[in-house]
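First comes the structure, then the notes that go with it.
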Protein chains: 2
Amino acid sequence: VKNLTDKPCELCNSQGGAILWQGPLCRVVLAEAGDYPGYCRVILSEHVKEMTDLAPPERIRIMNTVFAAEAALRELARPDKVNLASLGNLVAHLHWHVIPRWREDRHLPGTLWSAPARDGQAPRAPDPAQLAARLKALLA
Amino acid sequence: VKNLTDKPCELCNSQGGAILWQGPLCRVVLAEAGDYPGYCRVILSEHVKEMTDLAPPERIRIMNTVFAAEAALRELARPDKVNLASLGNLVAHLHWHVIPRWREDRHLPGTLWSAPARDGQAPRAPDPAQLAARLKALLA
């Protein structure tokens with residue numbers, strides 16, 4: 001499967017993190033991101049590059065999953081901000097980053113892709129089991 | 001109006017770029033980003049922080065505007081990838097970045113917030129008038 005780089009697609013070949021919720025169209029996983037507990041990814045099941053490659057109803061279903069992850073994170077971790085991004089420059093297999101941000105985290109006001117601003121850390125970490133339960137309820 | 005920083009909100013106090021399309025809920029503007037011609041922002045009219053602060057039908061209308069911008073850019077500029085992001089770490093007034101990306105641009109495979117990878121530039125620039133016309137048709 002082709003990406004912008006020549007590497008095999010890691011999101012076709014692995015789960016991409018611990019599964020919090022799984023549906024037929026996409027899954028929500030907890031990223032392994034030590035400085036950012038609660039960092040979730042919403043990963044499309046199929047290898048599709050862009051949101052506009054999907055039919056409009058599928059786009060909405062994906063976004064509703066992203067918004068459920070945002071809502072669950074806000075409820076359980078009360079971040080100062082949430083960052084949402086679909087980039088896919090390294091892995092052009094559609095996936096959304098849902099990242100809780102705090103004033104005292106490593107990068108604010110920068111992005112996670114910016115140079116670090118400080119030795120920061122998140123003041124709160126959502127419990128993965130609670131996150132999974134909230135997603136299940138929100139996406140039922 | 002409060003942001004994460006103490007600066008006044010520039011998206012309440014300015015258009016944020018040349019207007020390509022304007023609706024009651026949001027506007028689409030062309031960012032002034034020399035290395036990234038066609039870089040659009042979808043900016044909410046009201047000062048709201050997160051997507052989940054909006055009612056579900058408004059979230060969908062915003063996303064449909066983001067997807068219209070992506071579709072128009074793909075049609076007119078044929079980028080290798082499109083990046084979508086709602087960050088708001090500097091300006092917590094809901095806005096989406098819609099960024100056409102090319103293999104030979106300044107940052108790929110990094111983000112626009114990453115350290116530059118090369119003296120890159122975009123191989124194609126969409127015509128702003130055509131972009132505005134396409135958005136008008138897609139959002140009619």
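Labels below follow one simple rule: chain letters A, B, ... track the order of the sequence lines, proteins then strands, and each chain is numbered from 1. Keep in mind that the numbers below use all heavy atoms, side chains included, and drop hydrogens, waters and symmetry copies. All figures in this text were calculated on a predicted structure; none of them were measured in a lab.
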Open item on the list: Filter on salt bridge (charged side-chain N to carboxylate O under 4.0 Å, His left out), then keep only pairs touching residues 130-140 of chain A, sequence neighbours left out; what's left?
Closed with: Glu75(A)-Arg134(A)
Task: Partner chain A: residue of Leu87(B), Ile99(B), Ile60(B), Val66(B) with the largest heavy-atom pair count (under 4.5 Å) - done: Leu87(B)
Open item on the list: Just to be sure I understand the criterion: a residue of residues 29-46 of chain A counts if one of its heavy atoms is under 4.5 Å from a heavy atom of chain B. Which ones qualify?
Closed with: none
Open item on the list: Please list all pairs meeting salt bridge (charged side-chain N to carboxylate O under 4.0 Å, His left out) that have one or both residues in residues 18-31 of chain B, counting only residues at least two apart or in different chains.
Closed with: none
Open item on the list: Determine whether a donor-acceptor pair (N or O, by modelled atom type, separation under 3.5 Å) exists between the side chain of Glu70(A) and the backbone of Val82(A).
Closed with: no
Task: Salt bridge present between Arg74(B) and Asp53(A) (N-O < 4.0 angstrom) - done: yes
TODO: Taking the side chain as every heavy atom from C-beta outward, state whether Leu94(A) and Leu54(A) have any atom pair closer than 4.5 Å.
DONE: yes
Open item on the list: Just so I understand: if I count every heavy-atom pair under 4.5 Å between each of Ala71(A), Ala115(A), Gly110(A), Ser86(A) and chain B, which residue has the most?
Closed with: Ser86(A)
- [ ] Applying side chain to side chain donor-acceptor pair (under 3.5 Å) between Asp105(A) and each of Arg103(A), Arg101(A), His107(A), report the one that passes.
- [x] Arg101(A)
Task: Side chain / backbone / both / neither for Met51(B) at chain A, heavy atoms under 4.5 Å - done: both
Open item on the list: Enumerate the side-chain hydrogen bond (donor to acceptor under 3.5 Å, both in side chains) contacts for residues 110-122 of chain A, please, sequence neighbours excluded, ordered by first and then second residue.
Closed with: Thr111(A)-Ser114(A)
